[in-house]
Amino acid sequence: MSNVPTYGNFRKPRTVGMWGLSMGLTLSVFALSAVVVLLLLRQAWGAALAVAASGAVIIGALSFTDVHGLSIANRWMERLMFGIAKRRGRTLYRSGPLGVMLGSATPLPGILAGSKISEHLDSFDRTFALVHHADKSVAVVMSVTPPGIDLIDRDQINTSVAQWGEWLAMLGNEIGVVQASVVIESSPDTGEALVRHIQTMNAAGTSSVAREVMNEVAAEYRVGAAQMRVWVSVTFQPSLMSSKKRTIDELARDIGGRLTGITQQLKAAGAGAVHLMTAPQLSRAIRTAYDPAALALFEIAQSRGEQVELSWKDSGPIAAEALWDAYRHDSGLSRTWVVSKPPQGVIHENVLERILRISADVERKRVAIIYKPISAARTGDVAERDQIRTTNAVTVGGGNNARARREARIAERNANEEAAGAGIEDFAIIITATTSDGNLEDVSSVVRALASASKLARIRVAYGAQDSAFALGLPLGVRPSSSIVKGI
């Protein structure tokens with residue numbers, strides 16, 4: 001029997017203090033105890049009791065966490081921040097001719113507001129779009145066509161997985177690369193592309209029987225069909241690429257020179273054909289994400305040979321509203337989850353297959369895997385510090401904590417693999433489901449079942465931040481806060 005490789009060694013890095021608390025809370029307990037002791041020495045009994053009681057409440061609110069690792073204070077802050085945003089009208093968005101802003105444009109809302117796009121040529125004279133975000137970072141988006149793992153032999157699968165690891169490790173060696181993401185989207189297919197393909201095959205002189213059969217195929221399979229699209233984005237931070245300020249053209253020339261190696265390594269990792277996204281293509285993809293009904297209009301126009309002029313400033317929604325647990329945008333209603341715990345146990349290369357593949361019960365689904373590469377110069381220190389923390393956790397716990405011992409073994413394996421040349425990545429997984437009929441609760445049940453089947457047992461609705469989480473799941477390379485990335 002062949003030896004099938006397994007994967008894993010995922011863990012959440014954290015500092016370890018006394019009694020299972022974090023190091024910060026442990027120091028806070030010592031400081032609070034010192035204050036109480038000083039008050040008792042001065043015989044200030046009432047003040048000592050008040051300080052001890054208030055401190056216990058605060059530390060308890062910060063230390064008691066749910067299954068997703070969120071404390072009582074975290075959940076309270078979510079409610080508070082969402083309530084403030086709602087009272088100030090920041091959860092509503094209106095644009096276009098009837099919007100609150102002057103002009104007829106429909107720019108992107110929320111954390112994508114202020115983003116711009118420009119087009120350039122790489123070293124192979126391929127046109128690519130460069131997305132400029134508000135935090136001064138820039139992103140390149142690539143459309144890929146992975147063939148999947150069906151009918152592929154084991155050796156090729158193992159090679160592709162190894163090459164994907166090499167690609168991620170390579171990003172840690174690229175100066176200025178701060179993030180990479182993979183977005184897999186399944187959505188309804190209008191069937192127009194199939195009709196166009198069949199029409200191009202109907203050459204002159206084709207028999208009427210063959211033509212009739214192909215037309216029947218087009219008529220039957222265009223109904224209820226679905227399509228899957230995959231994008232890979234790489235985000236750069238210009239300030240880390242050069243100490244002096246450069247123009248957009250100089251920055252694009254530097255990035256364009258690197259895209260050759262990035263795309264070739266990505267293709268070797270099993271991504272299939274790699275196409276650099278242009279500005280019109282990216283504008284259309286984002287527009288259909290915010291307005292799913294627009295997809296049919298784009299497909300019909302393309303079938304008629306018409307060119308749809310869509311600029312970046314018109315790729316956003318006309319109307320959107322961020323709810324506590326959902327996001328309403330033009331013709332769609334979405335809910336976004338964040339994975340709070342990575343897959344555990346024995347993991348094979350197809351662990352995420354159920355959540356990624358097309359589901360007849362979910363109209364539109366998008367899964368984004370966000371990677372934060374750690375520089376190759378820092379991976380050794382990161383692995384060593386993590387190993388020291390987990391060893392200390394076993395020592396502090398008296399060696400009887402099975403979870404602490406398991407994490408210590410994982411940290412040791414990670415350190416050994418890093419010493420052998422492997423890279424270290426922080427990552428997050430964001431899942432978005434969109435429906436047009438408003439039946440979001442049934443869709444949510446299906447998504448949770450699919451996630452559980454993919455060993456993503458702990459997914460949490462992005463409460464109070466549905467608009468931001470929706471934007472993070474788009475193939476734009478926007479960077480989440482460090483707390484979100486390190487949450488996995």
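Heavy atoms only: backbone and side chains are in, while hydrogens, waters and symmetry mates are out. Every value quoted in this text rests on a predicted model; they were computed, and no experiment measured them.
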*Could you state the interatomic distance from NE2 (H329) to OH (Y93), rounded to the nearest 0.5 Å?*
13.5 Å
*Can you sort out the partners of S242 under side-chain hydrogen bond (donor to acceptor under 3.5 Å, both in side chains), two or more places apart, ordered by chain and number?*
none
*Please report the closest heavy-atom contact between Q179 and P480, naming both atoms and the distance.*
OE1-CD, 3.1 Å
*Residues S340 and R460: side-chain donor-acceptor under 3.5 angstrom*: no
*Between OG on residue S334 and CD on residue E363, distance to nearest 0.5 Å*: 9.5 Å
*State the CZ-OG1 distance between R154 and T159, to the nearest 0.5 angstrom.*
10.5 Å
*Would you find more than 12 non-hydrogen atoms of other residues, nucleotides or ligands less than 6.0 Å from L92 atom CG?*
yes
*Might you point out which heavy atoms bring I431 and A451 nearest each other, and give the distance in Å?*
CD1-CB, 4.5 Å
*Are E321 and R328 within salt-bridge range, i.e. N to O under 4.0 Å?*
no
*Taking 4.0 angstrom as the limit, do D314 and R287 come out as a salt bridge?*
no
*If we ignore angles and hydrogens, is there a donor and acceptor under 3.5 Å between the side chains of S359 and D361?*
no
*Could you verify whether a donor N or O on one side chain and an acceptor N or O on the other, from S331 and S436, lie under 3.5 Å apart?*
no
Listed pairs under 3.5 Å, donor-acceptor, residues 462-472 side chains, sequence neighbours left out:
residue : atom : partner : partner atom : Å
Q466    : OE1  : T336    : N            : 2.9
Q466    : NE2  : T336    : O            : 3.1
Q466    : NE2  : A462    : O            : 3.0

*Does a salt bridge link R253 with D249, judged by any charged N lying under 4.0 Å from a carboxylate O?*
no
_How long is the straight-line distance from CG of L476 back to CE of M277, given to the nearest 0.5 Å?_
9.5 Å
*Measuring from I117:CD1 to I286:CD1, what's the distance to the nearest 0.5 Å?*
9.0 Å
*Does one side chain, of T260 or S123, offer a donor that lies under 3.5 Å from an acceptor on the other?*
yes
